[in-house]
Amino acid sequence: MLFQVSQADAYSQIQDDVLLSSSLWINIALAGVAILLFVYMGRNVVDRRARLIWGATLMIPLVSISSYVGLLSGLTVGFVEMPAGHALAGEEVMSQWGRYLTWALSTPMILLALGLLADVDTGSLFTVVAADIGMCVTGLAAALTTSSYLFRWVFYLISCAFFVVVIYALASEWPASATEAGTDEIFGTLRALTLVLWLGYPIIWAVGIEGFALIESVGVTSWGYSLLDVFAKYVFSFLLLRWVAENERTVATRTGAEAAAPADD
């Protein structure tokens, strides 16, 4: 059952939980700093593809700051009654469903930036981004399903299946394209950072209050997600934009049709 709680009540509960509220405030502050920093870092980027990468990367903290304000205000927070079979069956539990909305909008920007960096073909990029969105939407379904404990885990497994598609592309397909594009060194670093950190999200879900509830504190779970966001979004974006700003010629001349075109005699 999904409880209809006023935004004011949700806001009060969040503010009363210092651990929870601090996990949200830290991301609002860091996202604000990141926006200003990334605008500055991209001020001299002029190549079309480089600017596309910059634009996609800039969207990451822009989406994040909007989302975290929504969570902190109680706008994108709800309360669900856990179904029979769950460790907290019958109890009313806070669900930060706004996080899934954030991930559905921000993680495609991360993959778009990586795909542009590696100069992958449009079909592969579309497939991976679609799988990523599917992963986030079914993750939300897992978090909000209250009719059956079994179906919470069914949605969780479907979400993980979508994630496998993303992992396969990043680990097996896109590296070859990055090598051809001449961006393999930075792509390898960002790919490793992304794969390691993104694996943390389903683990936190499984052990947190939405899964097995081995960790029953919403604040602790929220900090886990927030710390992953810091490195998977802001640190990732900084490393990417710094490299693009310093290697714009590589991005501009070693990608797409230009890379395939024969050199003039």
Side-chain angles (χ1 to χ4, degrees), residues 52-53 56-57 59-61 63-64 67 99-143 145 151-208 210-212 214 221 224-241 243-244 255:
L52 282 173
I53 295 173
T57 307
M59 284 298 298
I60 297 168
V63 169
S64 294
S67 171
R99 287 190 179 275
Y100 298 90
L101 179 62
T102 306
W103 296 330
L105 296 173
S106 62
T107 54
M109 294 299 102
I110 293 174
L111 293 173
L112 176 59
L114 281 174
L116 289 169
L117 179 69
D119 194 26
V120 301
D121 67 84
T122 304
S124 178
L125 183 58
F126 174 83
T127 300
V128 174
V129 169
D132 175 67
I133 295 173
M135 173 183 70
C136 297
V137 172
T138 49
L140 173 62
T145 296
F151 277 101
R152 288 178 69 87
W153 285 104
V154 169
F155 277 120
Y156 174 84
L157 291 176
I158 295 173
S159 180
C160 289
F162 279 122
F163 187 28
V164 169
V165 176
V166 177
I167 291 174
Y168 177 78
L170 290 178
S172 301
E173 290 188 346
W174 289 12
S177 297
T179 299
E180 293 181 7
T183 59
D184 51 314
E185 183 176 357
I186 184 62
F187 179 84
T189 299
L190 296 175
R191 176 192 62 176
L193 184 68
T194 299
L195 289 175
V196 170
L197 293 173
W198 283 25
L199 283 169
Y201 291 95
I203 292 174
I204 290 177
W205 195 98
V207 302
E210 294 173 312
F212 292 117
L214 301 178
T221 302
Y225 286 136
S226 292
L227 288 174
L228 287 175
D229 278 355
V230 168
F231 290 96
K233 294 179 179 179
Y234 315 134
V235 173
F236 167 94
S237 299
F238 173 78
L239 294 175
L240 174 57
L241 287 181
W243 189 91
V244 169
T255 56

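L199 is listed as a side-chain neighbour of I167, based on a closest heavy-atom distance under 4.5 Å. Proximity of S237 to M59: side-chain heavy atoms (C-beta onward) are nowhere separated by under 4.5 Å. Using a 4.5 Å cut-off on side-chain heavy atoms (C-beta onward), I133 and V129 make contact. A 4.5 Å side-chain heavy-atom check between W243 and L190 finds every atom pair outside the cut-off. A heavy-atom distance below 4.5 Å is not found between the side chains of V120 and L114. The closest side-chain heavy-atom distance from S177 to D119 is not below 4.5 Å.
The two atoms that bring A181 and A118 nearest to each other are CB-O, 3.8 Å, heavy atoms only. The minimum heavy-atom distance linking M109 with I60 is given by the pair CB-CG1, 3.9 Å.
Of the candidates T107, L125, T57, I53, L112 forms a side-chain contact (heavy atoms from CB on, under 4.5 Å) with just one, namely L125.
A distance of 11.0 Å separates OG1 in T189 from CG in L240, rounded to the nearest 0.5 Å. Here CZ of R191 is found 8.0 Å from CG of L170. Values are rounded to the nearest 0.5 Å. Here OG of S226 is found 12.0 Å from CZ of F231. Values are rounded to the nearest 0.5 Å.
Residue pairs meeting the side-chain hydrogen bond (donor to acceptor under 3.5 Å, both in side chains) criterion with at least one member in residues 193-207, sequence neighbours excluded, are Y100-W205, Y201-D229, W205-E210.
Checking side-chain atoms of S172 against main-chain N and O of A169 turns up no donor-acceptor pair under 3.5 Å. Panel note: side chain S159, backbone F155; no donor-acceptor pair is recorded below 3.5 Å. Of the possible donor and acceptor atoms, none in the side chain of S106 sits under 3.5 Å from a partner among the backbone N and O of V63.
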Quiz item: Checking ring-ring contact (aromatic ring centres under 6.0 Å, His included) for the pair W153/F212: CA distance, chi angles, key distance, verdict?
Solution: CA-CA 10 Å; W153 285 104; F212 292 117; 4.6 Å; yes
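The aromatic rings of Y225 and W103 stand perpendicular to each other, their planes meeting at an angle above 60°, with 30° marking the opposite boundary.
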